[in-house]
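Take a look at the structure below.
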Amino acid sequence: MNSDPSVNIAIPELPEAIRGLKEISLNLWWTWNSRGKNLFKLLNAYLWKESNHNPILMLQMISADELGKACENEYFMREYHYVYDLFKVYIDDSNIYADEPLPIAYFCAEYGLHHSVPIYSGGLGFLAGDILKESSDMGLPMVGIGFMYPKGYVRQFMGADGWQNSAEEPIEKDVAPIERVLDEEKNHFTIQVPFIDPPVYASVWKINVGRVTLYLLDTDIDENDPWDRQISSRLYTPDLNQRLRQQIVLGIGGYRVLEELGIEYSILHLNEGHPAFALFERVRSFMENENLALEEALAKVKSTSVFTTHTPLQAATDVYNFDMMSASFRDYWEKMGMSKEQFMHFGINPDDPNAGFNMTVFGMNLCDHRNAVSKKHCEVATKIWSHVLPESTKEKPAMDYVTNGVHLPTWIGDELYTVLVDALGDKWDLIQDDSALWGFVNDISNKRLWKISQKNKVTMVNFIRERVRIKYAKDGIDPVVAMTEGVLLDPDVLTIGFARRMTAYKRPDLILHDLDRLEKIVNNRDKPVQLVFAGKAHPSDIEGKKILQHIFKTAQDGRFRGRIAFIEDYGENVAKYLLHGVDVWLNNPQIPMEACGTSGMKASLNGTLHLSVPDGWWPEAYNGRNGWAFGKEPSDTVTDAEALYALLENEIIPLYYDVDNNGVPNHWVLKMKEAMQSIPPAFSARRMMKDYLDKFYIPISKNAQA
Ligand SMILES: *Cc1c(COP(=O)(O)O)cnc(C)c1O
């Protein structure tokens with residue numbers, strides 16, 4: 001089956017000489033290629049900014065006259081040919097991993113790829129996005145399945161009272177790099193989710209992520225009743241009935257899409273419990289298409305499926321009561337030749353058997369390959385699910401772990417990227433997970449590295465101010481709100497960033513615990529400190545909204561003299577400015593609630609030092625020199641806040657302000673260098689995917705072929 005972008009995306013006819021721009025703009029590859037990004041900026045820097053870095057929108061805005069001029073600009077044309085050739089070579093390049101696994105279908109409820117595609121809420125989505133990008137870079141045979149959320153996630157905008165208001169962030173289908181998949185009659189390809197009552201239909205879209213295709217299901221179509229049209233309208237709807245229908249469409253519908261498109265794959269990888277119903281459809285499909293008996297089909301599914309869990313809490317998993325399950329699945333279990341009891345049994349949590357059907361328990365029961373997302377999380381997950389997991393053996397633990405990693409080309413700052421390519425050459429990405437090579441950062445002079453990081457801070461402050469100015473110009477906001485949102489920030493001051501979802505377990509207001517002490521820290525005359533916060537609360541998380549309000553109000557408190565700011569509408573774009581621009585990245589969840597965390601990896605890659613409690617990935621990474629650790633397990637707010645203040649007062653602030661005659665804090669920069677060589681190779685998405693290959697994909701492939 002084909003797709004035809006022109007059906008939904010109107011890109012004007014381009015001059016022959018630069019026709020390839022259209023192809024480039026319809027594949028997210030350019031988002032992680034610095035020459036690709038720069039090409040659009042070269043075309044017209046102002047429109048590039050106005051279009052919010054969206055090449056499709058930009059090509060709609062630019063005049064034919066200007067395109068004509070670009071074709072006559074020698075420098076632009078040289079860059080164009082270079083980038084287009086690079087793109088073509090990339091798309092046709094072969095696998096760089098020695099042992100080729102069988103094709104993998106990756107399922108996740110959200111993907112964080114670029115801000116022009118708002119189908120993510122946070123960490124889980126960025127992990128999934130980075131996995132697709134890295135699989136593309138490595139040439140792994142992977143295909144992604146997810147959801148089109150026509151209403152996107154939520155846009156956050158703050159009122160003067162600090163209460164989070166949210167608005168929908170609809171996907172703009174005519175300017176997002178999302179293409180309709182068409183059937184033979186050139187109609188939008190649509191599936192019916194099988195044996196689910198009442199019937200639900202979903203149409204299919206696709207996104208090109210380099211060499212990987214991500215298919216998205218969309219229920220907002222005429223075939224569905226109004227209630228069902230909204231199944232995919234927003235991420236993680238709190239309405240349980242709707243949520244169940246959502247997960248049925250994602251898992252079972254997603255599986256149908258792969259089969260009906262004739263996409264071959266052998267390994268099923270479920271990222272979290274949301275898409276786990278795909279496992280049932282896989283059993284059903286094996287029974288129907290390969291004439292396997294139920295037991296054989298179950299055994300085959302178990303041996304070829306991977307389940308990744310992301311939470312350290314039983315309570316954070318999705319559980320559907322048996323009545324709800326029966327209402328949807330009655331025909332389905334019959335079709336599989338199962339009794340209701342047999343069917344429900346797969347999702348029953350022995351620790352709470354009457355609660356209903358638990359998606360994580362189900363995933364772990366039907367996948368022999370299970371993993372947590374950090375070493376510490378693995379210990380916790382093994383403990384909390386001990387009544388679900390089988391015995392571990394020495395060769396095969398019941399629960400293994402693959403610590404998350406981040407896609408380095410996506411998260412590295414542009415200027416640092418240039419330094420890296422100068423030092424390691426164009427092929428640096430082939431060797432990105434080799435720790436010895438990252439020693440190159442020692443060859444960068446302290447002065448140069450310091451300059452880069454401080455320039456990033458200026459860029460961040462300018463970005464923040466410009467956003468507030470635009471908001472002011474549009475909505476005429478209260479000057480106090482403008483102040484709270486960062487116009488008073490000073491790029492010369494030690495800056496601590498805290499940006500993540502606003503929710504209780506992450507303790508966003510820990511540093512506000514003792515405001516008198518914080519006031520002294522912030523307002524120290526010759527060693528001042530400023531705090532930059534950002535993050536959305538889930539619309540139904542009232543406690544999270546209250547924490548956010550507390551932060552916002554504190555930022556307005558005159559005694560902090562404009563040194564605390566809250567940056568509105570955190571997302572991929574804001575994250576990049578903050579990750580590159582602040583000096584210290586603060587992370588203080590309640591231990592052991594953060595299964596992994598990835599933003600600290602992105603920060604460290606850019607020389608932003610990680611200041612964190614020993615939770616998630618940090619115990620694996622912290623070596624005493626590449627950041628700081630504070631706080632004890634079990635967490636206690638009073639002692640943790642005390643430890644944080646003491647560390648700031650005694651170590652972090654003095655180190656930052658201990659500068660030489662050129663204004664360079666050499667000991668600080670040495671710490672940056674330590675972080676930049678120890679963390680990126682070990683916490684890259686490359687290392688992560690090699691772990692998935694070594695622990696799961698390759699053994700499964702060998703076993704299946706034997
Ligand atoms: C990386 C990232 C996250 C996840 O970070 P955590 O450390 O897990 O909170 C969330 N949001 C954005 C925008 C990110 O880039």
Side-chain angles (χ1 to χ4, degrees), residues 31-32 108 110-131 133-134 152-156 169 235-236 271-272 308 310-312 316 372-374 376-377 403-413 460 463 497-508 510 532-538 541 544 567-582 584-606 608 610-618 620-621 627 679-680 683-685 688:
T31 65
W32 70 91
C108 188
E110 54 168 311
Y111 291 87
L113 291 159
H114 186 248
H115 51 264
S116 57
V117 197
I119 54 169
Y120 63 86
S121 81
L124 185 73
F126 284 99
L127 175 77
D130 281 7
I131 281 181
K133 290 173 182 175
E134 189 59 45
Y153 189 50
V154 290
R155 262 189 54 89
Q156 172 192 58
E169 186 179 21
L235 264 155
Y236 308 130
N271 199 34
E272 238 337 327
T308 303
H310 291 260
T311 164
V373 288
S374 72
K376 182 167 173 72
H377 177 223
T403 304
N404 290 340
V406 297
H407 185 245
L408 302 185
T410 293
W411 298 106
I412 193 167
M460 172 188 79
F463 167 78
F498 183 99
R500 51 195 79 243
R501 189 153 49 87
M502 291 284 151
T503 191
Y505 88 81
K506 293 187 186 251
R507 301 192 293 178
L510 182 77
V532 177
F533 290 92
K536 294 175 189 170
H538 188 280
D541 181 357
I567 313 307
E568 195 176 77
D569 205 37
Y570 186 56
E572 168 257 5
N573 200 29
V574 174
K576 279 185 179 160
Y577 284 97
L578 300 190
L579 287 160
H580 304 162
V582 303
V584 174
W585 195 255
L586 179 61
N587 178 46
N588 45 230
Q590 236 167 341
I591 303 174
M593 296 285 286
E594 196 66 83
C596 182
T598 50
S599 59
M601 302 171 187
K602 301 168 192 167
S604 303
L605 164 67
N606 289 285
T608 297
H610 197 218
L611 166 59
S612 172
V613 298
D615 200 17
W617 70 288
W618 195 227
E620 282 168 70
I679 292 168
F683 298 91
S684 58
M688 166 173 68

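Atoms within a ligand are numbered from 1 in the order they appear, just like the ligands themselves.
Ligand 1 places these atoms under 4.0 Å from at least one heavy atom of Ala575: 13 (C), 15 (O). The contact set between ligand 1 and Lys506, taken as ligand atoms under 4.0 Å from a residue heavy atom, comprises 9 (O). Close approach of ligand 1 to Gly571 (heavy-atom distance below 4.0 Å) involves ligand atoms 13 (C).
The aromatic rings of Trp411 and Phe126 sit perpendicular, their planes meeting at an angle over 60°, well past the 30° parallel limit.
Of the protein's non-hydrogen atoms, the one nearest atom 3 (C) of ligand 1 is Lys602 NZ, 3.8 Å. The single protein non-hydrogen atom nearest to atom 12 (C) of ligand 1 is Phe126 CE1, 3.4 Å, given as residue, atom name and distance. Scanning all protein heavy atoms for the shortest distance to atom 10 (C) of ligand 1 gives Gly123 N, 3.7 Å. Of the protein's non-hydrogen atoms, the one nearest atom 11 (N) of ligand 1 is Tyr570 CE2, 3.6 Å.
If you look at Trp411 next to ligand 1, the close heavy atoms, those under 4.0 Å, all belong to the side chain.
Between atom 5 (O) of ligand 1 and the options Gly129, Ser599, Ala603, the minimum heavy-atom separation is to Ser599.
For ligand 1, the polar-atom distance check against Thr598 finds a nitrogen or oxygen pair separated by under 3.5 Å.
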Next item on the list: Decide side-chain contact (heavy atoms from CB on, under 4.5 Å) for Leu605 and Leu408; before the verdict, give the C-alpha distance in whole Å, the side-chain angles of both, and the deciding distance to 0.1 Å.
Entry: CA-CA 8 Å; Leu605 164 67; Leu408 302 185; 4.0 Å; yes

Next item on the list: I would like to know whether Lys602 and Thr608 meet side-chain contact (heavy atoms from CB on, under 4.5 Å); could you show each step before the answer?
Entry: CA-CA 9 Å; Lys602 301 168 192 167; Thr608 297; over 6 Å; no

Next item on the list: Given side-chain contact (heavy atoms from CB on, under 4.5 Å), test Trp618 with Lys376 step by step and report yes or no.
Entry: CA-CA 9 Å; Trp618 195 227; Lys376 182 167 173 72; over 6 Å; no

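The distance from the CD atom of Gln590 to the CG atom of Leu510 is 10.0 Å, given to the nearest 0.5 Å.
Across every non-hydrogen atom of Lys506 and Phe498, the tightest pair is O-CZ, 3.6 Å. Between Ile131 and Met688, the shortest heavy-atom distance links the atoms CG1-CE, 3.5 Å.
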